[in-house]
Amino acid sequence: MTLGITGGTSLFGTKLLKGAQEKVVETIYGSVYLLVTDAYVFISRHGKETNIPPHRINYKANISAFQALGVTNIIGCTSVGSLKRDITPQSVVVPHDYINLCNVPTFYDDELTHITPDLDEGLRTAIINAAKELNIKLVAKGVYFQTSGPRLETRAEINFMKNYADIVGMCMASEATLATELGLRYANISTVDNYAHGIIAAETLDYKQIVADASKSKDNLEKVLLKLI
Ligand code: HPA
């Protein structure tokens, strides 16, 4: 079965994507740039040029492109900040739930349908088992708090969020919600690139540092994905 993968910038240039064929799929929501092999369909959520910021990602086009290609299992790979001191940078987290209080995307603009959001437990277990077999340590549970971005969070926002969630990012909940609306299975692997703003009192967050650190966890992420494929 072909696996669907969404990723940010850190997976570019990895062995995983070597030899994949570039494709553009047209959907009624817009066109989607993909990398395809027999084993997977990879969507770069920030686009081919990796210049689409989180609040402008066309999630509806991305998720419906998976459906159009017959992909039913999706693993979203996201970069996050940690809301907990014991979830250190470079940790890998497989969230079991998420919070997204604003900007909830939907395919149901013209009908009354209310899905119950969820992350797929079968896919979560597959990810956790793949990491175990590879001796890669991961955090097997966690709540992901989604913000709309593109700015990072204030210290006060993080102080609030840390009571309810473990990691913070800008993309996963939107993908999970839309996948569930289309009846597709979705789970997530989040790589922790930094402590969220104010978790370490003296630290001021710098986006350039976050991007530099994202590449540090990509080896483990790539290994788990290769195993799953
Ligand atoms: N906040 C939101 N998104 C992120 C962060 C963060 O601290 N780090 C990586 N993605």
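For ligands, and for the atoms within them, numbers begin at 1 and follow the listed sequence.
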- Measuring from each atom of ligand 1, which residues have a heavy atom under 4.0 Å away? Ser79, Val80, Gly81, Leu152, Glu153, Val168, Gly169, Met170, Asn194, Leu205, Ile210
Identify every side-chain donor-acceptor pair in residues 50-59 under 3.5 Å, counting partners at least two apart or on other chains, and give the distances.
{"unit_1": "Asn58", "atom_1": "OD1", "unit_2": "Ala61", "atom_2": "N", "d": "3.1"}
{"unit_1": "Asn58", "atom_1": "ND2", "unit_2": "Tyr29", "atom_2": "O", "d": "2.8"}
{"unit_1": "Tyr59", "atom_1": "OH", "unit_2": "Met170", "atom_2": "O", "d": "3.4"}

- Separation of Lys132 NZ from Ile127 CD1 (nearest 0.5 Å): 13.0 Å
- Message: Just checking Asp38: does its CG atom have more than 12 heavy atoms from other residues, nucleotides or ligands closer to it than 6.0 angstrom?
- Response: no
- Any ion pair linking Asp219 and Lys15 (charged N to carboxylate O, less than 4.0 Å)? no
- Please check if any side-chain donor atom of Glu22 sits under 3.5 Å from a side-chain acceptor atom of Tyr33, or the reverse. yes
- Task: State plainly whether the residues Arg151 and Glu157 are in salt-bridge range, i.e. N to O under 4.0 Å.
- Result: yes
